[in-house]
Amino acid sequence: MPYRTAALTFAGVMFGFKIWSIFLIYLVAGEDGTTAFLLGTHVLWIALPLALIAPVLVFWFRLVRARRKRQLLLDAEWNIHQEPPVNQRSSDS
């Protein structure tokens, strides 16, 4: 756990620094080309976390879908949520 905390702290500081630097650049030089410049220089800082998070999200999404499908198949096979039918033959025969 301490390694995870250290990694999240580092990532948080880096993210905060990037946001703060973008704010300061807009504050000092908020001209027409500033947005294009910031997008061009921060593209790796946006793409890298997305590239790292995307496979995890895809795996999680597929896992949730597989578990849902498994539960539906179990429900269909075993009728888990259904009461068994009661034999209703008349007793006078």
Side-chain angles (χ1 to χ4, degrees):
M1 274 303 167
Y3 297 115
R4 183 178 179 186
T5 305
L8 289 176
T9 302
F10 179 73
V13 168
M14 292 300 290
F15 181 74
F17 178 75
K18 282 295 174 186
I19 296 298
W20 180 249
S21 65
I22 289 172
F23 172 73
L24 287 179
I25 290 170
Y26 267 118
L27 188 65
V28 173
E31 299 172 1
D32 294 335
T34 305
T35 304
F37 170 76
L38 288 174
L39 284 176
T41 56
H42 288 80
V43 104
L44 288 178
W45 286 96
I46 296 167
L48 184 64
L50 289 178
L52 291 174
I53 292 172
V56 175
L57 291 177
V58 168
F59 174 77
W60 178 81
F61 181 70
R62 291 184 60 159
L63 181 68
V64 168
R65 281 185 32 200
R67 287 181 178 171
R68 186 178 335 132
K69 185 176 181 180
R70 179 180 182 269
Q71 189 61 44
L72 287 173
L73 288 172
L74 282 172
D75 287 347
E77 182 177 357
W78 295 100
N79 294 326
I80 293 172
H81 301 295
Q82 209 174 35
E83 292 292 323
V86 178
N87 193 355
Q88 303 240 348
R89 293 187 184 175
S90 61
S91 58
D92 36 43
S93 35

Do other residues, nucleotides or ligands put more than 12 heavy atoms under 6.0 Å from the CD1 atom of I19?
yes
Please say yes or no: joined through hydrophobic side-chain contacts below 4.5 Å, possibly via intermediate residues, are L27 and W20 part of one cluster?
yes
Provide the full list of ring pair (Phe, Tyr, Trp, His ring centres under 6.0 Å) pairs with a residue in residues 33-54, sequence neighbours left out, each pair given once.
none
d(R70 CZ, D75 CG) to nearest 0.5 Å is 10.5 Å
Value rounded to 0.5 Å, distance of CZ in R68 from CG in L63:
11.0 Å
For the atom pair CD1 (I22) and CZ (F17), what is the distance rounded to the nearest 0.5 Å?
10.5 Å
Supply the atom-to-atom distance K18 NZ to L38 CG, rounded to the nearest 0.5 angstrom.
9.5 Å
Show the nearest heavy-atom pair for residues A29 and T34, with the distance to one decimal.
O-OG1, 2.5 Å
To the nearest 0.5 Å, tell me how far I25 CD1 sits from T35 OG1.
11.0 Å
